[in-house]
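Below you'll find the structure, written out as structure tokens, and then a few comments.
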Amino acid sequence: MDNRVILIDNAQIIFRFFYPFLPVMKKKLEVLLRQAVDTLKSDGTLPQDADPVINIEHSRDPAHGDFASNLALMLAKAAKSNPRQLAEKITAALPGDDAVIKVEIAGPGFINFFIDPNGQYEIIRTVHDRGSEFGLSKTGAGKRVQVEFVSANPTGPLHVGHGRGAAYGSVVADLLEAVGFDVHREYYVNDAGRQMDILATSIWLRYLEDCGEVLHFPCNGYRGEYVRDISSAVHRASGDAFRFPVQTVFEDIPPDETQGGDKEIHIDALIARAKTLLGGAHYEHFFQAGLNDILDDIRDDLREFGVEYQEWFSERSLMADDSVAKALDRLRAGGHLYEKDGAVWFASSRLGDEKDRVVQRENGQYTYFASDIAYHMNKLDRGFEELINIWGADHHGYIPRVKAAMTALGADADKLKVLLVQFATLYRGEEKVQMSTRSGEFVTLRQLRNEVGRDAARFFYVLRRSEQHMDFDLKLATSRTNENPVFYVQYAHARVCSVFRQLDEKGLDRDLGLGMESLGLLKEEHELNLVGRLSRYPETLERAALQHEPHQLILYLRELANDFHAYYNAHQFLVEDAPLRNARLNLIAAVRQVLANGLGLLKITSPETM
RNA sequence: GCGCUUGUAGCUCAGCCGGAUAGAGCAUCGGCCUUCUAAGCCGAGGGUCGCAGGUUCGAGUCCUGCCAAGCGCGCCA
């Protein structure tokens, strides 16, 4: 949470810096108010050290004008004046501006601004001119940001739980890029460690079954059907080359849980047996068969879901080039490591963690945390100015130790922002769905996509704030009814397209230039609402990106669609009056453009017919 | 027990670094298709913003305590 606050502060500094280049009314008003404050400072009404944050918001109630500022309320104390009187003085000191047609003081001391609608029509021209680039900005100023997301163990296909991280992470990355950051998307492949050994061993055991052996499959092994697919591919390619009799394989192996033993001890013994019997090279054959097959599947799956990475970073590569050892050396040099009980510990508790953490086990093996330290050192060495990690919320306890590692490595821990994705409960109608990778009884992302399609899946996933617990009802998500909110936005887009198709059929023409000249005819309340809504798109995009909250964009698109649907029902666009018709067509063309831009950012299609 | 996250309408959730009368979708009820797609629109009902204090001109929003839920507290990843 702290990080987020810091980020927003940064964003505001960036806002101010870029302010003069952004033709946005809100920011124009901010400058006017700031000038008024300066004037009042020089005449002694306000103390010299007054440096208020200028807060301007869109008025909810049209009676309160278009924008409102609470400046007088905030400064009243410093000015030793009551808010309404101060508001009078601020208003008097406010420089004139053509776009501002009226300034009012209301309520306890709000300053309400009324904007000339003729100026607001300009947004329609801007949307037309900038087209698919409307809304993009350079706020991020090319700052290099790395976004790591999904990073699921390559031990099985992605399930619907990973889907939310994939959708959220990719949209966060795309949003940041849209507002001018230089974004590097990365998937950390956990291709080292015990889980991978369990996978390799599971494949080998299934392979032995393919060879005709009959055996007890460990309850802690990977039982999914995909494991059989991989094993049978190996069997087809290599025949019985890696076959051993069951008696040899299971000789002296401690019993499994179902046999009255311990499933962990049982599977570890089988892994050791696999390595002994197969030998390094042949064991690696099974290991790679599993890794490659599953990773290819994950790659395809994500690509089809609209998620692209710049880099797939292998955990094994950190082992191979001694990065882990080097990272630990760096910590050791800084006095952050010590030995206890035969293991090597990182003194993370001195840097805000709950307790110290083992980085190298008694048996000499590095822990997962050790490679993660090396991975983050690698990220820092690559020169990223900001690191964003998107994790499942169940990993939140892991954050302090990684931040401690960043500090110990000599970096600013605030460079790292961990965004948590909550995935609480999966339902199918009323029934709770249990998820377990090991048992193979889970709903895959691919199944979800096949059932609902990419558009609905992505929309559903980023509809809510990421750290919010969420009930995911598969029945609802898989329904092709109007309960599925993505159709509402897409329908608005399709409707605009339909209107333009009707143009020919009705024997009417469109004159873009005439429409632009006639924008002043758009006096209806629905039209003014839409114009105002369109002008808010750039700031919505910026806020959604800087706060890492894609749902704000979704919310905006729904509101825009709602404004349009209401307009559609209230007024006819294809009227005989050519100036009015063309002005309206230009307005709804702008609506269509912004809908398409927003949906495009979410990698959701904008259908022309539905 | 400690830590993180969350608690807003019957359900799922918004609520813009504190601001004017707390919003949307779904569900319920009532209207609108001979006119550009009714996957739509208009209207109604529905709230002790978990509870109790505190901060101040003003609190759903900030602070403290309590209650409840989820998650985390490995030489697992």
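All values derive from a computational prediction rather than experimental measurement.
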- Quick one: look up who rG3(B) pairs with, Watson-Crick or G-U, both distances under 3.5 Å, and put none if it's unpaired. rC71(B)

- Message: Work out how far the C1' atom of rC11(B) is from that of rG30(B), and round it to whole angstrom.
- Response: 22 Å

- Message: Could you check rC73(B) for me: syn (within 90° of 0) or anti?
- Response: anti

- Message: Looking at Leu73(A), is its backbone amide N or carbonyl O close enough to the side chain of Asn70(A) to form a donor-acceptor pair, meaning the two atoms are under 3.5 Å apart?
- Response: no

- Query: In whole Å, what is the span from the OH atom of Tyr488(A) to the C1' atom of rA38(B)?
  - Reply: 13 Å

- Message: Centroid distance below 5.5 Å plus an interplanar angle below 30 degrees: do Phe110(A) and rA20(B) meet both conditions?
- Response: yes

- Query: Side-chain N or O of Asn562(A) less than 4.0 angstrom from OP1 or OP2 on rC41(B)?
  - Reply: yes

- Query: Roughly how many Å is it from CG in Leu557(A) to C1' in rA14(B), rounded to a whole number?
  - Reply: 15 Å

- Rounded to the nearest Å, what distance is computed from the CG atom of residue Leu420(A) to the P atom of nucleotide rU6(B)? 10 Å

- Message: When you compare the side chain of Phe459(A) with that of Ile554(A), does any pair of heavy atoms fall below 4.5 Å?
- Response: yes

- Task: Would you mind telling me which of Gln552(A), Arg465(A), Glu542(A) makes a side chain to side chain donor-acceptor pair (under 3.5 Å) with Gln547(A)?
- Result: Gln552(A)

- Task: Between rC57(B), rC16(B), rC41(B), spot the one nearest the side chain of Arg543(A), thanks.
- Result: rC16(B)

- Pairwise P distance for rA52(B) and rU8(B), with rounding to whole Å: 15 Å

- Once the angle between the rings of Phe564(A) and Tyr567(A) is folded into 0 to 90°, is it parallel (under 30°), tilted (30 to 60°) or perpendicular (over 60°)? perpendicular

- Task: Check every atom of rC42(B), rC36(B), rA14(B) against the side chain of Ala566(A) and return the nucleotide holding the closest atom.
- Result: rC42(B)

- Task: Measure from the side chain of Asn190(A), starting at C-beta and using heavy atoms only, and say which of rC57(B), rG25(B), rA77(B) lies closest.
- Result: rA77(B)

- Task: Pick base, sugar-phosphate or nothing for Glu57(A), based on heavy-atom distances below 4.0 Å to the nucleic acid.
- Result: sugar-phosphate

- Task: Report the distance from atom OH of Tyr556(A) to atom P of rC13(B), rounded to the nearest whole Å.
- Result: 26 Å

- OP1 or OP2 of rC73(B) under 4.0 Å from side-chain N/O of Arg401(A): no

- Using the P atom on both, measure rG43(B) against rG23(B) and round to a whole Å. 14 Å

- Is a salt bridge present between Arg194(A) and Glu264(A), judged by a nitrogen-to-oxygen distance below 4.0 Å? yes

- Query: Given that Gly107(A) and Tyr567(A) both sit by RNA chain B, which one's nearest nucleotide is further toward the 5' end?
  - Reply: Gly107(A)

- Query: Where the side chain of Asn153(A) is concerned, which of rC17(B), rA77(B), rA39(B) is the nearest nucleotide?
  - Reply: rA77(B)

- 5′-ward residue of the pair Asn363(A)/Leu463(A) relative to RNA chain B: Leu463(A)

- Message: Does rC76(B) have OP1 or OP2 under 4.0 Å away from a side-chain N or O of Arg361(A)?
- Response: yes

- Message: Is there a salt bridge (Lys or Arg N to Asp or Glu O under 4.0 Å) between Glu104(A) and Lys102(A)? Walk through the geometry before answering.
- Response: CA-CA 7 Å; Glu104(A) 262 183 14; Lys102(A) 190 166 65 163; 3.3 Å; yes

- In whole angstrom, what separates Tyr366(A)'s OH from rC75(B)'s P? 18 Å

- Task: Tell me what Ala68(A) touches on the nucleic acid: a base, only sugar-phosphate, or nothing, going by heavy atoms under 4.0 Å.
- Result: base

- Among the nucleotides rA20(B), rA14(B), rA77(B), whichever has the atom closest to the side chain of Asn112(A) is rA20(B)

- Message: Between Ser466(A) and Leu420(A) (side chain of the first, backbone of the second, donor and acceptor by atom type, cut-off under 3.5 Å), is there such a pair?
- Response: yes

- Considering only the P atoms, how many Å lie between rU55(B) and rA14(B), rounded to the nearest integer? 31 Å

- Look at the side chain of Gln502(A) and decide which nucleotide, out of rC36(B), rG15(B), rG70(B), has an atom nearest to it. rC36(B)

- Message: Need one value for Leu555(A): base, sugar-phosphate or nothing, where a base atom within 4.0 Å counts as base even if backbone is also close, heavy atoms only.
- Response: sugar-phosphate

- Message: Considering every strand and a 4.0 Å limit on heavy-atom distances, what is the contact class for Ala492(A): base, sugar-phosphate, or nothing?
- Response: nothing

- Message: From CD1 of Ile399(A) over to P of rA77(B), roughly how many Å is that when rounded to an integer?
- Response: 19 Å

- Is the phosphate of rG74(B), meaning OP1 or OP2, less than 4.0 Å from a side-chain N or O of Arg357(A)? no

- Task: State which of rA24(B), rA77(B), rC36(B) makes the closest approach to the side chain of Ser498(A).
- Result: rC36(B)

- Message: Without decimals, in angstroms, what is the distance between His551(A) NE2 and rC16(B) C1'?
- Response: 10 Å

- Query: Heavy atoms under 4.0 Å, any strand shown: does Tyr398(A) hit a base, just sugar-phosphate, or nothing?
  - Reply: base

- Note on the structure: Of rG72(B), rU12(B), rC42(B), the nucleotide closest to the side chain of Arg464(A) is rU12(B)

- Task: Determine the contact category for His571(A): base if any of its heavy atoms lies under 4.0 Å from a base atom, sugar-phosphate if only primed atoms, P, OP1 or OP2 are that close, otherwise nothing.
- Result: base

- Item | Nucleotide nearest Thr367(A) when distance is taken to its side chain, options rC75(B), rG19(B), rA14(B) | rC75(B)

- Query: Which part of the nucleic acid, if any, lies within reach of Thr609(A) when heavy atoms closer than 4.0 Å are counted: base, sugar-phosphate only, or nothing?
  - Reply: base

- Task: Identify whether the distance between the nearest side-chain nitrogen and carboxylate oxygen of Asp356(A) and Lys340(A) falls below 4.0 Å.
- Result: no

- Query: If only side-chain N and O atoms of Lys355(A) are considered, is one of them under 4.0 Å from the OP1 or OP2 phosphate oxygen of rG74(B)?
  - Reply: yes

- Item | Out of rC73(B), rG70(B), rU35(B), whichever nucleotide has its closest atom nearest the side chain of His396(A) | rG70(B)

- Item | Near-parallel close stack of His565(A) and rA39(B) base (under 5.5 Å, under 30°) | no

- Query: So, do His64(A) and rA20(B) meet the stacking rule of ring centres under 5.5 Å and planes under 30°?
  - Reply: yes

- Message: From OH of Tyr568(A) over to C1' of rC36(B), roughly how many Å is that when rounded to an integer?
- Response: 5 Å

